[in-house]
Amino acid sequence: MEYNFSEIEKKWQKTWEDNGAYTVSNESDKPHYYVLDMFPYPSGAGLHVGHPLGYIASDIYSRYKRLQGFNVLHPMGFDAYGLPAEQYAIQTGQHPEKTTNTNIARYIEQLKKIGFSYDWGRMVRTCDPEFYHWTQWAFVQMFHSYYDTTLQKAQPIAKLVERFEADDPNWKNLTEKEQQERLMPYRIAYLADTKVNWCPALGTVLANDEVSEGLSVRGGFPVEQRIMRQWCLRVSAYAGRLLEGLDHINWTESLKETQRNWIGRSEGAEMNFNVRRKDVQCTKDGEKDEFQMTIFTTRADTIYGVTFMVLAPESEYVARVTTDEQKAEVEAYLDRCRHRTERERIADRRVTGVFTGSYAINPLTNAEIPIYVSDYVLAGYGTGAIMAVPAHDSRDYAFAKHFDLPIVPLIEGADVSEQSFDAKEGRMINSGILNGLEVPEAIQRMKEYITNTGIGRVKVNYRLRDAIFSRQRYWGEPFPIYYKDGMPYTLPEECLPLQLPEIKEFKPTANGEPPLGHAQVWAWDEQKKQVVDKALIDNQTVFPLELCTMPGFAGSSAYYLRYMDNHNSEVLVSREANAYWQQVNLYIGGTEHATGHLIYSRFWNKFLYDLGLIVSDEPFQRLVNQGMIQGRSNFVYRLIGSRNTYVSANLIENPEYKDKVQPIHVDVNIVHNDILDTTAFRAWMPEFKDAEFIYSDGTTDVDNPYFGSPCEKQYICGWAVEKMSKSMFNVVNPDDVIAKYGADTLRLYEMFLGPLEMSKPWDTNGIDGVHRFLRKLWNMYEAPIDREPTREELKSLHKLIKKITWDVENLSFNTSIPAFMIAQSELSALGCNSRQILEQFAILLAPYAPHIAEAMWHRCGNETFVIDASWPVCNEAYLVEDSQKYPVQFNGKVRFTFECPKDTPKEEVEKLVLAHEETAKYLAGNAVKKIIVVPGRIVNIVM
RNA sequence: GCCCAGAUGGCGGAAUCGGUAGACGCGCUGGUCUCAAACACCAGUGGAGCAAUCCGUGCCGGUUCGACCCCGGCUCUGGGUACCA
C-alpha cells in the first residue's frame with residue numbers, strides 16, 4: 001500500500017482531536033513536566049517555514065517526555081496586542097481586534113496541520129478580557145507594593161504607611177493628596193516624570209529594547225528624548241536578584257551573559273566633592289556658596305588624577321554650579337542637548353561640553369578642578385556626575401584633549417601621550433598614599449580610606465533601568481486606574497477586568513491625547529463601581545480613567561502561569577495548579593527576547609513570588625534559543641542596457657558579461673535546484689513576459705528553433721542566503737510543503753537541516769531525501785508478523801534506541817534523522833517484518849513524525865495511541881560485538897585496520913599488531929620506539 | 001569599540017570522552033527500467049596523481065604517540081550592545 005501521507009495525517013489529526021488525545025489534566029499521579037514555546041505575535045503574513053522550527057523541537061521533546069511517563073503540559077497561545085494591528089487599523093479603519101482574530105484563526109489552522117501535541121483547550125490570547133484581567137490585576141498588586149531593600153523583597157504598601165505613621169509625627173497631618181504623593185516614589189508600579197524614547201511617527205513611547213540605533217525596532221521611525229509623566233515598573237529594584245538568579249538556571253551561557261551585561265552591575269564608590277561658586281558670596285535662597293556634589297566611580301584609585309568634573313546636562317547640580325557669567329553659554333548648550341534626537345547623538349560622536357564657571361575641591365589633594373557639563377555623562381546612571389581621569393579613561397581623555405585640560409598619568413609606564421590607559425592593571429604613581437600599590441589593591445585601599453574619613457562610601461550600581469509601562473496607544477491592556485485630585489487610584493479588584501472600550505478612530509485625539517481619549521464611555525464612577533460616560537465626570541464620584549494602555553511585554557510577562565490554570569475566573573493561577581506544575585521546565589524561543597521579555601517575565605515572576613502567590617522564584621528552568629531559519633534567495637541576471645535579456649549565472653563572470661549584469665530576485669517557487677522554470681518566469685510578472693535568456697551553454701532563444709518550448713537548455717540562477725521575507729521572494733510556506741510532502745516530512749526535514757540553536761538557510765531541494773525515507777519505512781509495515789526478532793534486528797533497534805534517547809535528551813534532533821535512516825536501511829536489508837521490532841521503531845519515531853508513527857503503530861495491530869506507549873529502553877547486551885576492529889596508526893597516520901576478538905588484552909593486541917604482515921611494510925626497517933594501545937579504540941606505533 | 005556565537009567537500013551538515021575526518025541527505029556523474037521524460041532502483045563522488053602515495057577541518061604557532069576537538073596569537077562571518085564612569 002502506498003504511503004498516502006495526506007490521508008494518514010488527516011485521519012489521525014481528526015482521531016486525536018475527537019478523542020482529546022492531547023488534553024492535559026492538572027490532576028495526575030504522574031510526574032509533571034512543562035514544555036513551553038514562546039507564543040507568537042499573529043502577523044498578517046501567516047507562518048513561514050522558519051516559525052515552526054522551535055515548535056517542532058519542543059513538540060518532539062514533549063512527546064518524548066510523555067512516552068517516558070510524564071504528565072506533560074505543552075500549550076500554545078497568542079501575543080495578540082501589538083503595534084502592527086493598530087497601524088493597520090489606522091490605515092484601513094479595520095478594527096485591530098478583527099484583524100487580530102483573523103490572523104489568529106489562520107495561525108491555528110497552520111499550526112494544527114503540522115500535528116503538534118498542544119492542548120488547545122489551554123490556549124490564551126493576551127487581548128482576551130479573561131486573560132488581561134490578570135495582567136491588570138498584577139499591575140494593581142504592583143501599585144500597592146513597594147520594594148523593601150532590607151528584606152530584599154516586595155511588601156504591601158500598607159506596611160510602609162505604618163512605618164511613616166510611626167516614624168514621622170507629621171504624617172497624619174498631611175492631606176490625602178500629600179500622602180499619596182509621598183508614597184508614589186516607593187511603589188513598584190509608579191508614575192514619574194521620565195526621560196522617554198518618544199517616537200513621533202508611532203505617537204508613543206518605546207521601551208529601550210524596542211529602540212535600536214535611535215530608530216523604532218518596529219517600523220524604523222526616529223526616536224527622540226522627551227520628559228513625560230509615565231507609568232514605570234521598578235525592575236531596577238530586582239537588579240541584584242535578577243543577576244544572582246542567573247546562577248541557578250539552566251540557560252545557555254551566552255544568553256545569561258547578555259542578561260548580565262544588560263543588568264550591568266558595577267561595584268564602585270560614591271564620593272563627595274566640595275564645590276565652590278566664586279561669584280556667590282552670600283547665601284541665596286538658603287543655598288550657601290559651598291555645597292557637596294556626589295559622584296560615582298569604579299576607579300576610586302585614580303582620584304589623584306582627577307583634573308576636571310563633568311555633569312550630565314539633566315543633572316540637578318548644573319543649575320547650582322553655573323555662574324552668572326557662564327549662564328548664557330550653559331543654557332544654550334542644555335537647549336541644544338534637549339533638541340537632539342537619540343539618533344543624532346549616536347551619529348555625532350564629536351566631543352561637546354561647556355564650562356560651568358565653578359570649581360570642585362579634590363578631597364585628597366585639595367586641588368581646585370573645573371566643573372563642565374557634557375552629554376557624554378548620562379543622567380540616569382550613577383549620580384549623573386563624574387570625576388574625570390583623562391589619563392585612564394578614553395572618554396575623559398577625548399574631552400581633556402578637546403578642552404586642553406591636564407592629563408596626569410597614575411600608572412607606572414603608562415604612555416598617555418596618544419591615548420588613555422584604561423586597563424585596570426599596573427603599579428600606582430603620582431598617587432599620594434596609593435603609590436606603589438597594584439591597581440586592585442589601590443581601589444580597595446581608597447575605598448577603605450574614603451569610608452573611614454567619610455569622604456564617600458562603597459556603592460553598587462546597575463545599568464538596568466526601570467521599565468516604562470505607558471503606551472499612548474489603543475491596542476493594549478487598559479490601566480485599571482482613575483485619577484482623583486490628580487492622583488491615581490486603582491479600580492477595586494472585583495471590578496476587573498476593565499474592558500478596552502470600542503472606538504472608531506485609532507489616532508491620537510485633536511488635543512494630543514492618546515486614542516482612548518476618543519472613548520465616550522470612559523470614566524469611573526466610584527460609588528456605582530462601573531465605567532460611565534465621561535460627560536458625568538464631576539471629580540466627586542465620577543473620575544477620569546487613564547488614557548494610556550500597557551506595552552507589549554505586559555501580556556507576555558506571566559502567560560506561562562496562566563496556561564497552568566487558564567479557565568480559573570477567581571485567580572491568575574490556583575495554588576494547587578501552580579504547586580503541581582511549579583515552573584516551566586523547558587522553554588524554547590528566539591534569542592531576540594534576551595533583554596526584553598526574558599528580563600520582564602523574570603521580574604514579574606519574582607514579584608508574584610514575593611507576594612507568596614507562586615512557588616518558584618524563576619519562571620524558566622531551562623531555556624534554549626532556536627536559530628533563525630534564513631531564506632535562500634534566487635537571482636536572475638538582467639543584462640544592463642538590454643531590454644529584457646537574462647544571463648545564466650554560470651556566465652556572469654565571463655569578460656563579456658562581467659559587471660554588466662544586475663541581479664534581480666526571483667521567486668524561489670519557480671526555481672528548482674537553481675534551474676529557472678523559464679515558462680513560469682515569463683508568466684510570473686507582466687514585465688518578464690518577453691524575457692529572453694542566455695542559457696548556461698551560452699546560446700540564446702534566437703539560436704533555438706523551438707522558441708519557448710521545453711528543451712535541453714537550462715537557465716541557472718544565482719543564490720544567496722538572506723532573511724526570509726516577501727521582498728526577497730524567498731518565503732516558503734509550510735502549507736505548500738505539507739500539501740506536497742506531508743507534515744511528517746516537514747517536521748523531519750526541519751530537524752534534519754542542522755543543530756537547533758544554529759541559524760541555517762532553508763533549501764527545499766533537500767526535502768526529497770527525507771520523504772523517500774518515510775516512504776521506504778512505510779513499505780516495511782506491509783505485513784508485520786509475530787516472531788522472535790533476530791539478533792541482528794535487535795542490535796539495529798537497540799542501537800537506534802540508544803541514539804535517539806541520547807539525542808532527545810540533548811536536543812540534538814538533527815542527528816536523529818540519519819540514525820532513523822540507517823536503522824531503516826539495516827532492517828530493510830535484513831528483511832525485517834517482526835512486529836516486535838517494527839512496533840518499537842514506531843514509538844521511537846512518534847515524537848518526530850507522529851502521524852506516520854501512529855499509522856505504523858496501528859498496522860502492528862495496536863488499538864491505543866502510540867503516544868500512550870512506553871519509551872523503549874536500550875539493552876546494552878544486544879550491542880556487544882564479538883570482535884574489535886583496530887585502526888593501526890604509524891606516527892599518528894592510519895595505515896590499516898585489523899580485527900581481533902573483543903576483550904583481547906592490551907599486551908596481546910600489541911603482539912598481534914607487531915606480528916601483522918602489514919606492519920613490517922610500514923615500519924620499513926625502522927625500529928619501534930613506542931607502541932600505544934588504547935583498548936577498544938586505536939593502536940599507534942611510534943617509530 | 002566591547003560581549004557572545006560560528007568557520008569542515010559543489011550544498012546542509014556528521015564525528016556526543018583527544019583516537020579511522022567528511023556519517024546521513026541534497027546535488028553531480030555513470031548505469032538499469034522506459035519509445036521518451038518523470039519516478040524508482042544500482043554504483044561512484046574531498047582535492048592532486050596512471051599508481052604507490054601525497055595534501056586536506058579559516059590563518060600562524062604550541063601541547064600530545066595522536067588535534068576539527070586543548071592552549072596562545074590572528075582573520076573573516078553572524079548576533080547582541082552603544083559614551084554605564
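Both backbone and side-chain heavy atoms feed into the values below; hydrogens, waters and symmetry mates do not. Labels below follow one simple rule: chain letters A, B, ... track the order of the sequence lines, proteins then strands, and each chain is numbered from 1. Just so we're clear, the structure is a prediction, and the values are computed from it rather than from any experiment.
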Could you tell me whether the phosphate oxygens of B:A85, OP1 or OP2, come under 4.0 Å of any side-chain nitrogen or oxygen in A:S266?
yes
Proximity to the side chain of A:R772 - top-ranked nucleotide from B:C41, B:U20, B:G6
B:C41
Strand partner of B:G22, provided both Watson-Crick or wobble distances fall under 3.5 Å:
none
Have A:T815 and A:D807 got a donor and an acceptor in their side chains that come within less than 3.5 Å?
yes
So what does A:V377 hit on the nucleic acid, given a heavy-atom distance under 4.0 Å: a base, only sugar-phosphate, or nothing?
base
Separation between the P atoms of B:G13 and B:U81, rounded to whole Å
25 Å
Under a 3.5 Å limit for both distances, which nucleotide forms a Watson-Crick or G-U wobble pair with B:U57, could you say?
none
Do any side-chain nitrogens or oxygens of A:Y376 fall under 4.0 Å of OP1 or OP2 in B:A85?
no
Would you tell me if any nitrogen or oxygen in the side chain of A:Y3 comes within less than 4.0 Å of OP1 or OP2 on B:A40?
no
Side chain of A:N261 - closest among B:A21, B:C3, B:A85:
B:C3
In this structure, how many angstroms lie between the P atom of B:G66 and the NZ atom of A:K930, rounded?
9 Å
Closest to the side chain of A:R463, out of B:A82, B:C3, B:C83, is B:A82
Distance, rounded to the nearest Å, where A:L756 contributes CG and B:A14 contributes P:
12 Å
Contact class for A:V934 vs. all strands (heavy atom < 4.0 Å): base, sugar-phosphate, or nothing?
base
Is A:R937 near enough to B:G66 that one of its side-chain N or O atoms lies under 4.0 angstrom from OP1 or OP2?
no
Watson-Crick or G-U counterpart of B:U32, or none if no pair lies under 3.5 Å
B:A40
Ring centroids only, cut at 6.0 angstrom: are A:Y61 and A:F813 within range, meaning strictly under it?
no
Applying the Watson-Crick and G-U wobble criteria at under 3.5 Å, what pairs with B:U77? Answer none if nothing qualifies.
B:A5
Does the separation of the ring centres of A:F896 and A:H916 fall below 6.0 angstrom?
yes
Is any side-chain N or O of A:K893 closer than 4.0 Å to OP1 or OP2 of B:C55?
yes
Among B:C24, B:C4, B:U20, which nucleotide sits nearest the side chain of A:P887?
B:U20
My understanding is that a pair needs two contacts under 3.5 Å, Watson-Crick or G-U wobble. By that rule, which nucleotide pairs with B:A14?
none
Give me the distance, rounded to whole Å, that separates B:C55 from B:U8 when you measure between the C1' atoms they each carry.
15 Å
Looking at every strand, decide which applies to A:R775 at a 4.0 Å heavy-atom threshold: base, sugar-phosphate, or nothing.
sugar-phosphate
Looking only at the side chain of A:T595 (C-beta and beyond, no hydrogens), which of the listed nucleotides B:U81, B:G13, B:C26 gets closest?
B:U81
Using OP1 and OP2 only, check whether a side-chain N or O of A:N814 sits under 4.0 Å from B:A14.
yes
Can you figure out which of B:U20, B:A85, B:A40 approaches the side chain of A:T897 most closely?
B:U20
Taking the ring of A:F308 and the ring of A:F399, is the distance between their centroids below 6.0 Å?
yes
For the pair A:Y741 and A:F5, evaluate ring pair (Phe, Tyr, Trp, His ring centres under 6.0 Å) and give the outcome as yes or no after the intermediate values.
CA-CA 7 Å; A:Y741 297 98; A:F5 54 84; 7.6 Å; no
Please classify the nucleic acid contact of A:I932 as base, sugar-phosphate, or nothing, using heavy-atom distances under 4.0 Å.
base
Identified pairing partner of B:A85, criterion: Watson-Crick or G-U wobble below 3.5 Å
none
With respect to the phosphate group of B:C3, does any side-chain polar atom (N or O) of A:R260 fall under 4.0 Å of OP1 or OP2?
no
Categorize A:Q889 for me: base, sugar-phosphate, or nothing, with a 4.0 angstrom heavy-atom threshold over every strand shown.
base
Please determine whether a side-chain nitrogen of the Lys or Arg among A:R260 and A:E253 lies less than 4.0 Å from a carboxylate oxygen of the Asp or Glu.
yes
Decide whether a cation-pi geometry holds between A:R632 and A:W762; the criteria are a distance under 6.0 Å from NZ or CZ to the six-membered ring centre and an angle within 45° of the ring axis.
no
Among the nucleotides B:G25, B:U53, B:A85, which one has an atom lying closest to any side-chain atom of A:L378?
B:A85
On the six-membered ring of A:W778, is A:R772 placed so that its NZ or CZ lies under 6.0 angstrom from the centre and within 45° of the ring axis?
no
Paired with B:G27 by Watson-Crick or G-U wobble geometry, both distances under 3.5 Å: which nucleotide is it?
B:U45
In whole Å, measure the gap between the P atoms of B:C70 and B:G78 for me.
24 Å
Which base sits across from B:U63 as a Watson-Crick or G-U pair, both distances under 3.5 Å?
none
What is the nucleic acid contact for A:F813, judged by heavy atoms within less than 4.0 Å: base, sugar-phosphate only, or nothing?
nothing
Per atom distances to the A:W262 side chain, the nearest of B:A82, B:A85, B:A14 is B:A82
Distance below 4.0 Å between A:K760 side-chain N/O and B:G12 OP1 or OP2
no
With a non-hydrogen cut-off below 4.0 angstrom, is A:N940 in contact with a base, only sugar-phosphate, or nothing?
base
Base, sugar-phosphate or nothing for A:R350? Non-hydrogen atoms, less than 4.0 Å.
nothing
Shortest side-chain distance from A:K776, nucleotide among B:C41, B:C65, B:G80:
B:C41
